[in-house]
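For reference, the structure discussed in these notes is given below.
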Amino acid sequence: ALVCVADPVAFRWAFDQQGGIDSQASAAGPVVQSSDDGYMTNRLKGIHVSDERFAVAVREFTAHSDSDRWPEDHPDEAARGRPKDGAFLLSSSGYRVKCAAKLLGLPPAAAFPNAGTKHQAALACASAVSDSFVFVRSDSGALQLVFKRHVGLCVCTLCA
């Protein structure tokens with residue numbers, strides 16, 4: 001999972017300047033696109049991160065399956081067959097900005113040795129989105145926090 005927490009204005013500045021949130025075109029700059037046709041964004045509309053419904057939704061979203069898609073027999077018909085992939089962009093006030101988001105076109109910020117694309121995306125997101133905190137969990141369970149400090153990026157392991 002990748003979760004980026006920032007002021008909504010910072011997300012707009014990072015993504016709307018040249019690309020956009022939900023831009024379908026291959027813009028000159030970074031864009032955010034939904035990987036699930038807006039299902040998770042709609043599901044979490046108006047729900048604060050402290051609400052148990054938020055935690056349940058994220059646990060369901062991050063539960064792996066053979067296909068990494070919502071099961072065809074999921075109680076919520078709108079979820080059935082949709083991909084369970086992408087980042088969560090959260091406002092600093094604790095509400096979702098965009099869920100199941102593909103962060104495309106962010107310039108590489110630094111190298112994250114021995115890590116995959118999700119960790120590279122975390123570095124790029126922390127670099128591009130002002131005053132953000134990016135949490136990234138490895139498939140192995142390790143949790144890192146990435147943030148920009150002055151002119152460099154900091155990576156802290158919160159649990160291994």
So which heavy atom on [X] is nearest to which on [Y], and how close?
{"X": "Leu123", "Y": "Ala110", "value": "CD1-O, 3.5 Å"}
{"X": "Cys99", "Y": "Thr41", "value": "N-OG1, 2.8 Å"}
{"X": "Ala1", "Y": "Thr62", "value": "CB-CG2, 4.0 Å"}
{"X": "Leu103", "Y": "Ala87", "value": "CD1-CB, 4.0 Å"}
{"X": "Ala128", "Y": "Ala14", "value": "O-CB, 3.4 Å"}
{"X": "Pro30", "Y": "Leu106", "value": "CB-CD2, 3.6 Å"}

Going only through I, L, V, M, F, W and Y residues with side-chain contacts under 4.5 Å, is there a path from [X] to [Y]?
{"X": "Leu2", "Y": "Met40", "answer": "no"}
{"X": "Val32", "Y": "Val9", "answer": "no"}
{"X": "Leu158", "Y": "Phe133", "answer": "yes"}
{"X": "Val3", "Y": "Val58", "answer": "yes"}
{"X": "Val146", "Y": "Val5", "answer": "no"}

When rounded to the nearest 0.5 angstrom, what distance separates [atom1] in [X] from [atom2] in [Y]?
{"X": "Cys159", "Y": "Leu145", "atom1": "SG", "atom2": "CG", "result": "11.5 Å"}
{"X": "Lys148", "Y": "Ser127", "atom1": "NZ", "atom2": "OG", "result": "4.5 Å"}
{"X": "His64", "Y": "Lys84", "atom1": "NE2", "atom2": "NZ", "result": "8.5 Å"}
{"X": "Phe15", "Y": "Leu104", "atom1": "CZ", "atom2": "CG", "result": "9.0 Å"}
{"X": "Cys4", "Y": "Lys98", "atom1": "SG", "atom2": "NZ", "result": "14.5 Å"}

Among residues at least two apart in sequence or on other chains, which ones pass side chain to side chain contact (heavy atoms under 4.5 Å, CB included) with [X]?
{"X": "Pro71", "answer": "Asp73, His74"}
{"X": "Ala55", "answer": "Glu52, Arg59"}
{"X": "Ala6", "answer": "Ala10, Phe11, Val129, Ser132"}
{"X": "Ser91", "answer": "Pro8, Ser93, Tyr95, Val97"}

Q. Should the heavy atoms of other residues, nucleotides or ligands under 6.0 Å from CZ of Phe135 be counted, would the total exceed 12?
A. yes

Q) Please walk me through it: do Val49 and Leu90 pass side chain to side chain contact (heavy atoms under 4.5 Å, CB included)? A) CA-CA 9 Å; Val49 295; Leu90 304 178; 3.9 Å; yes

Q: Using the test salt bridge (charged side-chain N to carboxylate O under 4.0 Å, His left out), find all partners of Arg149 that sit at least two apart in sequence or belong to another chain.
A: none

Q) With sequence neighbours left out, what residues match Ser138 under side-chain hydrogen bond (donor to acceptor under 3.5 Å, both in side chains)? A) His119

Q | Pairing residues for Arg53 by the side-chain hydrogen bond (donor to acceptor under 3.5 Å, both in side chains) criterion, not counting sequence neighbours | A | Asp51

Q. Does Tyr39 have any ring pair (Phe, Tyr, Trp, His ring centres under 6.0 Å) partners at least two apart in sequence or in another chain, and if so, which?
A. Trp70

Q. Sequence neighbours excluded, which residues qualify as ring pair (Phe, Tyr, Trp, His ring centres under 6.0 Å) partners of Phe61?
A. Phe88

Applying salt bridge (Lys or Arg N to Asp or Glu O under 4.0 Å) as the test, list every pair that has at least one member in [range]; sequence neighbours left out.
{"range": "residues 111-139", "result": "Lys118-Asp139"}
{"range": "residues 33-43", "result": "Asp37-Arg82, Arg43-Glu60"}
{"range": "residues 105-115", "result": "none"}

**Q.** Verdict with supporting geometry, Phe147 and Leu153, side chain to side chain contact (heavy atoms under 4.5 Å, CB included)
**A.** CA-CA 6 Å; Phe147 60 96; Leu153 291 169; over 6 Å; no

Q. Are any side-chain N or O atoms of Asn42 and backbone N or O atoms of Gly38, one a donor and one an acceptor, separated by less than 3.5 Å?
A. yes

**Q.** Side chain Ser35, main chain Ala100, donor-acceptor under 3.5 Å
**A.** yes

